[in-house]
Amino acid sequence: MGSPERELCPPPSEEDDLTLPRASINKMIKELVPSVRVAFESRELILNCCTEFIHLLSSEANEVCNQNNKKTINAEHVLTALDRLGFNDYTLEAEAVLKDCKAVAAKRRRQSTRLENLGIPEEELLRQQQELFAKAREEQAKQDQQQWLLLQQQGLVGTEGTPQPYIPPPSGIKNEEDEDDDYS
């Protein structure tokens with residue numbers, strides 16, 4: 001017969017690919033009981049129990065979600081699943097954590113706006129944008145002027161701004177480009 005430790009903590013299999021990070025579990029254990037050493041088998045058992053609890057809770061929340069004809073599990077589905085599974089004692093704490101998470105998310109959204117992070121008034125930003133547009137228009141006008149002068153120098157455009165008429169080469173003279181290769 002196998003040892004009781006092996007029955008509680010079976011060796012990892014291919015089905016156990018989805019588990020919590022061991023480092024996170026170890027950190028939580030150290031924070032909760034800093035003065036106690038916890039054996040490797042006990043850590044593995046805690047890891048397996050946590051993983052199983054999450055699987056059980058998410059499965060029940062999924063069932064609640066499906067019963068409500070929803071496609072996304074939300075916090076209310078998880079809280080209902082906690083109640084259905086008999087973990088009513090955790091509901092208040094879970095709601096408090098949810099409230100904290102929502103507050104942190106709202107704070108991040110407020111901080112993520114670039115205008116607020118720059119510390120520059122919106123009017124100043126608009127003025128700077130207009131300056132950049134004006135500078136870009138000037139540079140484009142200079143480039144257009146240079147291209148126009150180049151076309152005039154090459155004789156492709158007359159001094160009045162009208163294109164020069166196209167004069168085809170005499171029909172007796174062949175260009176190298178006009179020659180067809182004989183592939184026969």
Side-chain angles (χ1 to χ4, degrees), residues 12-28 30-31 47 50-51 54-55 57-81 94-184:
S13 67
E14 292 178 14
E15 295 176 4
D16 295 333
D17 289 341
L18 298 175
T19 62
L20 297 171
R22 283 178 172 74
S24 298
I25 296 295
N26 290 338
K27 183 178 177 186
M28 284 190 271
K30 278 185 180 180
E31 287 176 3
L47 176 69
C50 291
T51 303
I54 291 172
H55 179 74
L57 182 61
S58 59
S59 296
E60 187 66 26
N62 186 47
E63 193 173 307
V64 172
C65 179
N66 288 336
Q67 288 173 354
N68 291 335
N69 295 323
K70 301 289 182 181
K71 293 186 177 183
T72 304
I73 297 173
N74 64 33
E76 291 302 317
H77 299 141
V78 175
L79 293 172
T80 302
E95 288 172 345
V97 169
L98 175 62
K99 184 179 175 184
D100 290 345
C101 288
K102 285 183 178 182
V104 168
K107 184 178 179 183
R108 282 187 185 154
R109 279 194 300 271
R110 285 192 304 270
Q111 289 177 344
S112 69
T113 60
R114 291 184 178 180
L115 292 178
E116 291 177 7
N117 287 340
L118 289 175
I120 301 173
E122 193 171 346
E123 296 80 23
E124 175 63 18
L125 289 172
L126 185 60
R127 188 192 62 74
Q128 289 177 4
Q129 183 184 39
Q130 295 301 327
E131 284 179 11
L132 289 172
F133 285 157
K135 186 186 261 186
R137 281 191 293 269
E138 285 178 26
E139 289 176 14
Q140 185 64 42
K142 285 180 185 178
Q143 287 177 355
D144 290 347
Q145 181 68 25
Q146 288 173 349
Q147 184 149 8
W148 182 258
L149 291 173
L150 181 64
L151 289 173
Q152 280 183 336
Q153 289 173 356
Q154 293 174 349
L156 298 174
V157 177
T159 54
E160 306 84 34
T162 57
Q164 296 288 353
Y166 174 72
I167 303 172
S171 59
I173 301 174
K174 281 190 170 183
N175 288 339
E176 291 177 17
E177 296 171 2
D178 293 341
E179 293 182 17
D180 288 333
D181 291 332
D182 187 14
Y183 291 98
S184 54

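Only this structure's heavy atoms are used, side chains among them; waters, hydrogens and symmetry mates stay out.
Here the side chains of Leu150 and Gln146 are not in contact, with every heavy-atom distance at 4.5 Å or above. Looking at heavy atoms from C-beta onward, Leu126 lies out of side-chain contact with Glu122 at the 4.5 angstrom threshold.
In this view, Asn62 and Asn66, Ile73 satisfy the side chain to side chain contact (heavy atoms under 4.5 Å, CB included) rule, not counting sequence neighbours. Under the rule for a side chain to side chain contact (heavy atoms under 4.5 Å, CB included), the partners of Ala106 that lie at least two apart in sequence or sit in another chain are Arg109, Arg110. Under the rule for a side chain to side chain donor-acceptor pair (under 3.5 Å), Glu123 has no partner lying at least two apart in sequence or in another chain. Remark: Gln128 pairs with Glu124 by the side chain to side chain donor-acceptor pair (under 3.5 Å) rule, at least two apart or across chains. Residues forming a side chain to side chain contact (heavy atoms under 4.5 Å, CB included) with Pro21 (at least two apart in sequence, or on another chain): Ser24. Partners of Gln140 under the side chain to side chain contact (heavy atoms under 4.5 Å, CB included) rule, at least two apart in sequence or in another chain, are Gln143, Asp144.
Interatomic distance, Arg137 CZ to Leu132 CG, rounded to the nearest 0.5 Å: 10.5 Å. Residue Gln153 holds its CD atom at 9.5 Å from CG of Leu151, rounded to the nearest 0.5 Å. The line from CG of Leu125 to CD of Gln129 is 8.5 Å long, rounded to the nearest 0.5 Å.
Leu20 and Thr51 make their closest contact through N-OG1, 3.8 Å (heavy atoms, listed as atom of the first residue, atom of the second, distance). Shortest non-hydrogen contact noted between Ala61 and Ala81 is N-CB, 3.5 Å. The two residues His77 and Cys65 have their closest heavy-atom pair at ND1-CB, 3.8 Å.
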